Amino acid sequence: QCESYPFWPSILNSMETWEDEAVVPDNTPLRSGERYWNADEGGCEGIIAPSASSTSENNADVRIVERQTIVAKMKAARKQWRRFPADEIKETSWFL
């Protein structure tokens, strides 16, 4: 599951779900609407929400993931999901 994260279909479902998954690295000052990773809500520090400042200075280390890579990771997530044994966890935590 981690290999395909954060390119799960449920996260790519909408801009809102993508932004909800975005978290700020520890020791980074929070701006309005941002949060740190926590065990209850999870999140991905590698996601940069579009609402973040778009200046080239702030995005100097941004790497765009190619569409074919995203599609491959989504397919891998679906394959892993079908093999995952615990329906209760599927229904209450991560989902496709």
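Both backbone and side-chain heavy atoms feed into the values below; hydrogens, waters and symmetry mates do not. Predicted model, so just to flag it, every value in this text is computed and none were measured.
Residues P25 and Y36 fail the side-chain proximity criterion, which asks for heavy atoms closer than 4.5 Å.
T17 is linked by a side chain to side chain donor-acceptor pair (under 3.5 Å) to S14, counting only residues two or more places apart in sequence or in another chain. Partners of E41 by side chain to side chain donor-acceptor pair (under 3.5 Å), not counting sequence neighbours, listed by chain and number: N38. V23 pairs by the side chain to side chain contact (heavy atoms under 4.5 Å, CB included) definition with R35, W37, E45, not counting sequence neighbours.
Between the side chain of E34 and the main chain of R31, a donor-acceptor pair closer than 3.5 Å is present.
With rounding to the nearest 0.5 angstrom, the SG atom of C44 is 10.0 Å from the CH2 atom of W8.
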Pair E21-Y5, side chain to side chain contact (heavy atoms under 4.5 Å, CB included): steps then yes or no: CA-CA 11 Å; E21 199 67 16; Y5 179 81; 2.5 Å; yes

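Among all heavy-atom pairs drawn from F7 and M74, the shortest one is O-CG, 2.9 Å.
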